[in-house]
Amino acid sequence: MSHELSEQEIQRRQTLEQIRNAGIDPYPAALYPVTAYSTAIKNNFEEGKEVCLAGRLMSQRIMGKASFAEIQDAEGRIQVYFNRDEICPGEDKMLYNDLFKKWLDLGDFIGIKGTVFKTQVGEVSVHVKEFSLLSKSLKPLPLPKTDAEGKIHDAFTDPELRYRQRYVDLVVNPQVKDIFTKRTKLFNAMRQFFNDAGYMEVETPVLQAIPGGASARPFITHHNALDIPLYMRIANELYLKRLIVGGFDGVYEFSKNFRNEGMDRTHNPEFTAMEIYVSYKDYNWMMDFTERLLENCATAVNGTTEATFGAHNINFKAPYKRVTMRQSIIDFTGFDIDGKSEDELRAAALGMGIQVDETMGKGKLIDEIFGEKCEGNYIQPTFITDYPKEMSPLCKTHRDNPELTERFELMVCGKEVANAYSELNDPIDQRERFEEQLRLQEKGDDEAMFIDQDFLRALEYGMPPTSGLGIGMDRLIMYLTNNPSIQEVLFFPQMRPEKVVKVVLNENEQQLFDIVQKEQSMELAALKEKVTMSNKQWDTSIKTLTKNGLLKVMKTNDVLFVALV
RNA sequence: GAUUCCGUAGCUCAGCUGGUAGAGCAAUACACUUUUAAUGUAUGGGCCCUGGGUUCGAAUCCCAGCGGGAUCACCA
């Protein structure tokens, strides 16, 4: 990336030279023997304890021969105290007067050896005996400041910059680090819960020849050696079920899924789902399992089952309410979907002011009614059960009602967090459901599922009764950390690529470009005659210009021409 | 995709109905031996997102583009 350096960046490069000239390596190779962290020092105060710590220099308060500074390490910040005559006992005051006062910049990594003490105002600090530069920072950090009332000034808040330069966000905004610490705690707690239950973590393909297990538009890529298209997975469901067929009792996977759809504050093109499949269980068992799981995870992340999300207080304490989809629609619209035909459902939906069209089947219509009128009302964790068959092609038919499936979704704050089935294991039924999906596709539903023949073959060998559960991990962590947007819980959310920086031409390239610009187009040989540069210079210059799309070289009747693009 | 708001110094932002660029912090220099948004004095720092238009004159008004936010729509 080539662009003009700011005044401060030039200054920092100059100090870098001064440091080198003074015989100090600004990027030393040796390890630094850290023995202490900022918060540990503050929490277990021991007067006079010798410590060695390292981190970024985040503030400097210089008062002549004494100074205070703040060091930020992985845990937080601590104040350190510098005294000139202790750091430089002899005549040479360079370390303090030059290195510390002039050459260090905010953001530099330094190492400190010293003793713990309390200042007159009672702040736990480290009295520096020795310090060294560990790594020089060449770009100034944005520096928010907190005043006496705890108000933050000059906060680094622009979402674009925060997401594009998450490393800066993390350095400067400590609450951002917390979110990601909690995210990892959630994953660890969930893993622990599954492992304790005796289930096995597995890995299944990300590149799939048939993107199955969900209905969504996939990303397409190409395998050169096989010369076939491959798809980034939209779900891992069908592979985990193959493993159940293979004889595992319980398998789970944290799966990065990819969907080529819109992006907004709850959708990112790549996101993380957790799927778990357990044999010889049904969806009733899975509801019990899910509520215990989430109670456990919420406690592991926040120390309590309660969580705040915007205006809502949610409690993940088990058990959760269970409502059938039929009952839910009765509750919020007074309409009973039981036994109704497609036309009756369409008319009812229209009557509720819901937009419908001819491609919508029964399942889709019910889904629309539920989504429009009911979903948003479930703030506390609630299981919605028994979905219509049409919208659940991988789910077992309900034991009491052939129109329905044994499926539940867990709603929290009006949004789906988890989705689970008694898995369909009847291979003939499964084949028919896939064919039904094909018919929907022909009707114009561009999200209907593809048919995976190998998956059907696996089912034909026999899959034990199984229940499966999928959890949207990003959405769950949003609830547990009170963040309304998915970008806040992903380290690097998808962004449009940054604008290409303008090409900066050097003298030779500029000279070439100017000549061609005047002529518009000319023979390559003639152009080379006109300029005075070595063959090598000529070669690299012309290559830079063509590579950046400024000039092009064409061959007409065996004569090379150079022209403007 | 629709609506709406925003883009000015390294950071956060002001800049009125058009008159030629401002503050605080950060930076630089000097002073200062327990401060904590340290302080005091002085100094430097800008393609006002890009390109057009209106005008004697545009950061400001108009149009287009680029980038971003928010809301909505789409989305198992």
Side-chain angles (χ1 to χ4, degrees), chain A residues 3-12 14-15 58-70 77 79-86 96 101-102 105-107 117-123 125 127 138-164 168 172 213-217 234-235 237 257 259-269 271 273 355 363-364 367 370-371 375 384 387 390-395 407 409 415-416 418-421 445-449 470 472 484-485 487 495-500 502:
Chain A
H3 65 102
E4 303 276 311
L5 293 175
S6 71
E7 185 198 20
Q8 287 189 48
E9 288 173 298
I10 294 166
Q11 269 161 5
R12 286 191 180 204
Q14 284 165 352
T15 29
M58 294 305 277
S59 78
Q60 255 179 320
R61 291 183 287 281
I62 297 172
M63 294 159 297
K65 300 186 187 83
S67 301
F68 287 91
E70 275 184 303
R77 289 193 188 185
Q79 177 169 269
V80 295
Y81 172 71
F82 285 80
N83 183 305
R84 187 191 72 185
D85 296 328
E86 291 181 53
Y96 182 82
K101 277 171 65 173
K102 290 189 190 152
D105 289 298
L106 300 186
F117 78 112
K118 246 183 208 167
T119 61
Q120 287 181 351
V121 274
E123 176 154 349
S125 310
H127 196 130
L138 292 182
K139 273 178 101 69
L141 287 166
L143 280 174
K145 291 211 159 191
T146 312
D147 66 16
E149 289 114 53
K151 267 209 325 224
I152 297 176
H153 299 256
D154 300 339
F156 181 62
T157 53
D158 182 341
E160 180 186 358
L161 290 174
R162 287 185 48 234
Y163 301 154
R164 284 196 196 281
V168 174
V172 141
S215 332
R217 234 163 316 190
I234 55 174
E237 167 154 1
N257 295 340
R259 297 189 182 175
N260 206 341
E261 288 166 352
M263 295 161 55
D264 59 32
R265 70 185 196 295
T266 55
H267 296 85
N268 195 62
F271 65 99
Q355 283 202 336
K364 189 93 181 161
D367 187 41
F370 178 77
E375 191 174 64
I384 303 298
Y387 282 61
E390 234 179 279
M391 15 172 337
S392 316
L394 299 166
C395 183
R407 170 180 184 179
E409 285 195 357
K415 292 257 179 191
E416 173 206 343
N419 182 18
Y421 307 147
D445 187 346
D446 59 347
E447 275 163 6
M449 288 187 190
S485 90
Q487 285 81 9
M495 304 279 282
R496 198 182 292 273
E498 282 181 75
K499 215 182 356 187
V500 194
K502 276 184 199 147

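Basis for what follows: all heavy atoms, side chains included, without hydrogens, waters or symmetry-related copies. So that the names make sense, note that chain A is the first sequence line, chain B the second, and so on, each numbered from 1.
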- prompt: Which nucleotide, in any strand shown, forms a Watson-Crick or G-U wobble pair with B:rA59, with both distances under 3.5 Å?
  reply: none
- prompt: With respect to the phosphate group of B:rA38, does any side-chain polar atom (N or O) of A:Arg61 fall under 4.0 Å of OP1 or OP2?
  reply: yes
- prompt: Taking atom P of B:rU71 as reference, at what distance in whole Å does atom CE of A:Met263 sit?
  reply: 15 Å
message: Please compare A:Ser392 and A:Gln487 by the position of their nearest nucleotide in RNA chain B and report the one closer to 5'.
response: A:Gln487
task: Report which part of the nucleic acid A:Asp367 touches: base, sugar-phosphate, or nothing (heavy-atom distance under 4.0 Å, all strands).
output: nothing
message: Is it the case that B:rA27 (base atoms only) and A:Glu7 (side chain only) share a donor and an acceptor within less than 3.5 Å, ignoring hydrogens and angles?
response: no
message: Starting the side chain at C-beta, find the nucleotide from B:rA73, B:rA27, B:rU35 nearest to A:Asp264.
response: B:rA73
field: A:Glu261 side-chain N/O to A:Arg217 backbone N/O, donor-acceptor pair under 3.5 Å
entry: yes
- prompt: Which one, B:rU28, B:rC32, B:rU36, comes nearest to the side chain of A:Glu123?
  reply: B:rU36
query: For atom P, what is the distance between B:rC13 and B:rU8, given to the nearest Å?
result: 9 Å
message: Applying a 4.0 Å non-hydrogen cut-off, can you work out what A:Phe117 is touching in the nucleic acid: base, sugar-phosphate, or nothing?
response: base
- prompt: Side-chain N or O of A:Arg164 less than 4.0 angstrom from OP1 or OP2 on B:rG68?
  reply: yes
query: Can you tell me the Watson-Crick or wobble partner of B:rU71, both distances under 3.5 angstrom?
result: B:rA2
query: Using a cut-off of 4.0 Å on non-hydrogen atoms, how would the nucleic acid contact of A:Leu141 be classed: base, sugar-phosphate, or nothing?
result: nothing
message: Rounded to the nearest 0.5 Å, what separates atom CG in A:Leu138 from atom OG1 in A:Thr15?
response: 8.0 Å
message: Once you measure the plane-to-plane angle for A:Tyr81 and A:His127, does it fall in the parallel (<30°), tilted (30-60°) or perpendicular (>60°) bin?
response: perpendicular
- prompt: Starting at the 5' end of RNA chain B, which residue's closest nucleotide do you reach first, A:Asp147 or A:Ala66?
  reply: A:Ala66
statement: Separation of B:rC75 atom C1' from A:Glu375 atom CD, nearest Å, is 11 Å
message: Measuring from atom CD1 of A:Ile234 to atom CG of A:Asn260, what distance do you get when rounded to the nearest 0.5 angstrom?
response: 11.0 Å
- prompt: With both distances under 3.5 angstrom, what nucleotide forms a Watson-Crick or G-U wobble pair with B:rG24?
  reply: B:rC11
- prompt: So what does A:Thr146 hit on the nucleic acid, given a heavy-atom distance under 4.0 Å: a base, only sugar-phosphate, or nothing?
  reply: sugar-phosphate
Pairwise P distance for B:rA23 and B:rG15, with rounding to whole Å: 15 Å
message: On the side chain of A:Asp158, is there an atom forming a donor-acceptor pair with the base of B:rG69 - under 3.5 Å, no angle test?
response: no
message: Distance check needed: B:rA38 C1' versus A:Met63 CE, whole Å only.
response: 7 Å
message: Both distances below 3.5 Å, Watson-Crick or wobble geometry, any strand: find the nucleotide opposite B:rA31.
response: B:rU39
task: Test for a donor-acceptor pair under 3.5 Å between the base of B:rU35 and the side chain of A:Gln79, counting only N and O atoms.
output: yes
message: Below the 4.0 Å mark, does B:rU71 have OP1 or OP2 next to a side-chain nitrogen or oxygen of A:Arg265?
response: yes
task: Report yes if at least one side-chain N or O of A:Lys145 is closer than 4.0 Å to OP1 or OP2 of B:rA37; otherwise report no.
output: no
